[in-house]
Number of protein chains: 2
Amino acid sequence: MLAILVLLAAPYDADVAARIVGSALAEGVAYRRLEELTDTIGPRLAGSTGDRLAVRWAFEKMKADGLAARLEPVRVPRWERGEERAWIVGGAGQRLAVTALGGSAPTPEGGLEAELVVVRSLEELTERVKGRIVLFDHSMPRGGGYGKFAKLRTEGPAAASKSGAAAALVRSLATSSMRSPHTGATDFTKAPPIPAAAVSVEDAQLLVRLAARGPVRVRLVLGCRTLPDAESHNVVGEVRGRDQPEEIVLFGAHLDSWDLGTGAIDDGAGVVMAMEVGRLLARSRPRRTVRIVLFANEENGLRGAQAYASAHAAALASHVAAIEADHGAGRALGVTAEGKFLEAWLPPLAALGVAQAISGGSRGGADLSPMKPARVPFVTVEQDGARYFDWHHSAADTFDKVDPVELAQATAAYAWVVFALAEAEETLPRVVAP
Amino acid sequence: MLAILVLLAAPYDADVAARIVGSALAEGVAYRRLEELTDTIGPRLAGSTGDRLAVRWAFEKMKADGLAARLEPVRVPRWERGEERAWIVGGAGQRLAVTALGGSAPTPEGGLEAELVVVRSLEELTERVKGRIVLFDHSMPRGGGYGKFAKLRTEGPAAASKSGAAAALVRSLATSSMRSPHTGATDFTKAPPIPAAAVSVEDAQLLVRLAARGPVRVRLVLGCRTLPDAESHNVVGEVRGRDQPEEIVLFGAHLDSWDLGTGAIDDGAGVVMAMEVGRLLARSRPRRTVRIVLFANEENGLRGAQAYASAHAAALASHVAAIEADHGAGRALGVTAEGKFLEAWLPPLAALGVAQAISGGSRGGADLSPMKPARVPFVTVEQDGARYFDWHHSAADTFDKVDPVELAQATAAYAWVVFALAEAEETLPRVVAP
């Protein structure tokens, strides 16, 4: 009798829940697609061949899944890596493991040589960096700090440029290292571009130790180049809403990736989870429209997100929720959203260990940020990211790092949360977290 | 009273033990020297500038430590790496993380392209590999298996050459990977050299998965070259025996390293431990001669070990023990030797957690192997090598991987065991383990 009462009290159909969650857990489609995307296409930097192939691949899959799929054009920056080498001048000429940051200027042919100066903050960029190679050192810990330390990578090289530095090196934002440099975008919109590269954690430590012994000269060779903007696309797939099709629940991930790895955790995992949510919900057709958006060019421009917000500006008021998967392939741990009503929808995730904390507003991720002015309510499925920055933006971001069981569990969590947002009578308040 | 009896029963002077073990643990000399060797000189491949600088560095240190130091000439092979790239032909041309194996032939300029064939043993090299690129796949587990799987690297490429293969790729012999290929020597004395490279674990797995989808073509570019033999040296430092100077206890490590990393664990750690044992025992002057030998060219030729055994052939009969440190910087766990008498010498290591298992004959390592025919008794201080193959032969073999406390503990164990072998009345039986 009690059981019946509980069932009556649930706002969802238990059979639908079992089908959606069970299919995500058992069918393994997301994992197989991640293998296909990363193995047969590989890296997908904006404007590259891989980017173009991935757009086509995702579009065809979405159509085959029964989604209303379309390509929305996006002009993307095109930056190519080229040769990259660095070494310590003198002695045996020890090599350094470096990789150019996205947006870096090239060095002159044959490289650039200067004395190193080590700093740990932008405030330390004084007169003494003039004509030097600045090393931005730091000690990002496991389990947090990317937001804080990433500033050294995104803003440090431009600040060094303003102070007259010849080039900038940034200790990789990495929680584990096998001498592996981690790339990422650096922002030269406010200063003339200079050569800027990440160095591996090991080499940053080496340079700091050597600088403590005496002057260190470094030679840096970067052959990167910026080409004219290219065309890419946001890939959009829709499950049209049963009753309120004009109301949209958006679930996004980004299809582009850095060029060093194959973008399995950043953000291939998000892509295949979003595609799988679309595929699964096409069978269930909730009340509102579910829109899957695979954004272009998150990594080095955010042009896809900007193009989406701009092209759909008028419709953002009817985006009732937006959710983004861009934190790897780790298992789902909980859900963050403003809106008590979601709590009653979460029992189907209890057995997956998804803690049901509706703890307040979600701040969303990079691709959702242009929707903030329109006060689109954001939701976050929190994923275990303990090892995310071991691989993030490095050559080691590859398929083997993904555990199929965790990926399936996270897919199930996203699928059910997106379904709930699209099916519930209530909608989230249009309050944006700070 | 009991304590006095125990003290009387000990074959060693407790004050001497406290001084040797305490100094090794507390003074930190080995760790500081490892930093100096790996940071200021770096990689030390036989015949390279780093090799030459390291020989000079070690020789000067030994002299300063009060050892009778000398350089013994060794003709060493000289192999240089050059450019190395590989990618999958077709699609977006996904890049593979490869590094040439020592002894590899270069590819023609512009590279070599062929279809891939995957094998897991030398026995699978049939007609079908003719004109192909052979990938030697395997699954070396953590905690053992190097001896078994290394055969694929050392013998595989020559066997592939005999079968008419165009080139060989070997899955890195690694227990952890961040897309990092691990080099190592391959033996082309029995077949015409072909291009041979290690691929990272991730890329080996990728190629295996792709080969399961259909034919895979790979392009490989290796610019390595073999130069004329060069001169290097075994660096020898001696503490002349107090009473029986003609009897020698040899403690060796190898000064050369692969070129990718800075040879901190392979075998900088062994080098600085051996040097430190020499420095500490020079203060204590045991009964027999302690000879520290820093061998040249262990990695790609073993020429130093061969030169030593050959130059000292007549004296090998009076080498009463030989011990080698070439398994990283991990803590000492136990001592393996044939000879019960050593047991009574081990209490000073009890507090270091060195299990006192004198469990039978030691088989010695590579640099001791040429002394086997002379039945020189080998002793092994077993070290914790659980993470050794994470970094071994890769760019990640760098100073930061070494824990100073573990290095000091292992140094103390070596120092005391070498002292015991040089001071004890008894000597080990001349029985060589199989």
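To find a chain, count down the sequence lines: A is the first, B the second, and so on, and within it residues start at 1. Hydrogens, waters and symmetry mates play no part in the numbers below; they use all other heavy atoms, side chains included.
Across every non-hydrogen atom of A:Asp390 and B:Met178, the tightest pair is O-CE, 2.7 Å.
Counting non-hydrogen atoms of neighbouring residues, nucleotides and ligands closer than 6.0 angstrom, the CZ atom of A:Arg142 exceeds 12 such neighbours. More than 12 heavy atoms of other residues, nucleotides or ligands lie within 6.0 Å of CZ in A:Arg120, so this atom counts as buried by the packing criterion.
Between A:Arg209 and the choices B:Asp39, B:Thr40, B:Asp400, the side-chain hydrogen bond (donor to acceptor under 3.5 Å, both in side chains) rule is met once, by B:Asp39.
Using a 4.5 Å cut-off between heavy atoms, B:Ser177 touches chain A through its backbone atoms (N, CA, C, O) alone. In this structure, chain A has no heavy atom under 4.5 Å from any part of B:Ala97. Of the atoms belonging to A:Glu36, heavy atoms from both backbone and side chain fall under 4.5 Å from chain B. Using a 4.5 Å cut-off between heavy atoms, A:Gln205 touches chain B through its side chain atoms alone.
The backbone N or O of B:Thr38 sits less than 3.5 Å from a side-chain atom of A:Gln94, completing a donor-acceptor pair.
Within residues 43-59 of chain A, the residues having any heavy atom less than 4.5 Å from a heavy atom of chain B are, in residue-number order, A:Pro43, A:Thr49, A:Gly50, A:Leu53.
In this structure, A:Arg179 CZ and B:Lys401 NZ are separated by 8.0 Å, a value rounded to the nearest 0.5 Å. The CZ atom of B:Arg81 lies 8.0 Å from the CZ atom of A:Arg95; values are rounded to the nearest 0.5 Å.
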